[in-house]
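Read through the structure below, which is laid out as structure tokens, and then see the notes.
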Amino acid sequence: MSIDQTKHSLFGASKVAADVLVQEYGNYFGMKTACFRGGCLTGPAHAGTELHGFLAYLMRCTVAGTPYRVFGYKGKQVRDNIHSHDLVEAFWQFFQKPRSGQVYNMGGKPPLQLLHDRGHRRVRTHQRQKIAMVLRRGHRIGDHIWWVSDVRKFQSHYPGWKLPVRPHGNPHRNPRGLCCVT
């Protein structure tokens, strides 16, 4: 996918700039560098807001009883979630055997993608309460409709890395899951 002549947010543009710099330091100078491109990161200290961190935001709305607002795409955005524990474990694996100028897409990979509207239904089922979901017509400028990570490159470089934590599931039985957001 090309990034030329496409719409970006300033947040997205800064991520691209950092990504390229990390690669160049590795390629030019042989420094042990890697860019870990993440989808949605979640975990016990995740304090999601309406525009970033939808799992934490969804749970915040559930607990507070406020409407869960989804921006654009009729609520059909797909987000690939990875737990902070799994990402830190990936950092540790890289630290043990670093490489130069690498790029890794990091996420929960299938089946850990969540449609916004399915996440809404899943929480409603587990919490046994109604959650009002409001669909906003316009999507965020520069937003993408989907992100699903292909983690096979990282797994081929670091076969000891696994994805043990599932960021969604029954929040009452999974203490590292949805119920841990603050």
Side-chain angles (χ1 to χ4, degrees), residues 1-59 77-116 119 139-169 174-182:
M1 172 166 49
S2 174
I3 62 171
D4 298 333
Q5 302 305 310
T6 60
K7 182 76 104 177
H8 308 284
S9 66
L10 294 176
F11 176 67
S14 68
K15 286 170 48 173
V16 168
D19 186 309
V20 172
L21 282 170
V22 166
Q23 291 177 58
E24 295 307 314
Y25 273 94
N27 294 330
Y28 272 98
F29 306 115
M31 293 175 71
K32 306 298 185 185
T33 61
C35 179
F36 290 82
R37 294 177 181 155
C40 291
L41 182 63
T42 192
H46 191 193
T49 64
E50 185 175 60
L51 296 177
H52 292 285
F54 96 92
L55 281 178
Y57 171 64
L58 173 58
M59 286 309 298
Q77 300 97 318
V78 175
R79 296 297 183 258
D80 188 7
N81 294 274
I82 186 169
H83 195 281
S84 58
H85 178 273
D86 295 330
L87 189 57
V88 169
E89 178 61 28
F91 295 160
W92 178 247
Q93 294 282 327
F94 179 83
F95 178 77
Q96 298 293 334
K97 290 177 66 178
R99 295 169 173 252
S100 296
Q102 294 298 311
V103 177
Y104 300 112
N105 292 320
M106 303 304 292
K109 73 177 187 169
L112 292 184
Q113 320 95 327
L114 261 185
L115 281 164
H116 279 264
H139 57 275
R140 297 179 304 169
I141 294 174
D143 199 5
H144 49 274
I145 194 167
W146 64 271
W147 173 272
V148 177
S149 300
D150 183 350
V151 298
R152 289 177 294 185
K153 178 181 176 183
F154 188 80
Q155 288 178 319
S156 73
H157 288 182
Y158 302 95
W161 182 74
K162 306 285 185 231
L163 279 166
V165 177
R166 297 296 180 238
H168 55 277
N174 182 1
R176 287 162 111 157
L178 293 173
C179 66
C180 294
V181 296
T182 56

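Put simply, CG on L41 and NE2 on H83 are 8.5 Å apart, with the number rounded to the nearest 0.5 Å. Here the straight-line distance linking atom OG of S84 with atom NE2 of H46 works out to 9.5 Å at 0.5 Å rounding. To the nearest 0.5 Å, atom OG1 of residue T42 and atom CD1 of residue I82 are 11.0 Å apart. Distance CG/N81 to CG/D86: 11.5 Å, rounded to 0.5 Å. Taking OH of Y28 as the reference point, atom CG of L21 lies at 11.0 Å (rounded to 0.5 Å). Here the CD-CH2 distance, from Q96 to W161, works out to 16.0 Å after rounding to the nearest 0.5 Å.
Between F29 and Y25, the two ring planes are tilted [angle within 30° to 60°]. Using the six-membered ring where Trp is involved, F36 and Y104 have ring planes that are tilted, between 30° and 60° apart.
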| Steps toward side chain to side chain contact (heavy atoms under 4.5 Å, CB included) verdict (M106, F91) | CA-CA 11 Å; M106 303 304 292; F91 295 160; over 6 Å; no
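Within the 4.5 Å cutoff, no side-chain heavy atoms of N105 are placed close to those of V151. Under the 4.5 Å side-chain criterion, counting only non-hydrogen atoms from C-beta, K97 is not in contact with Q93. Between Q102 and K153 the shortest side-chain heavy-atom distance falls below 4.5 Å. Looking only at side-chain heavy atoms (C-beta outward), R37 and V103 come within less than 4.5 Å of each other.
Closest heavy-atom contact between S100 and G26: CB-O, 3.8 Å.
No more than 12 heavy atoms of other residues, nucleotides or ligands lie within 6.0 Å of CZ in R152, so this atom counts as exposed by the packing criterion.
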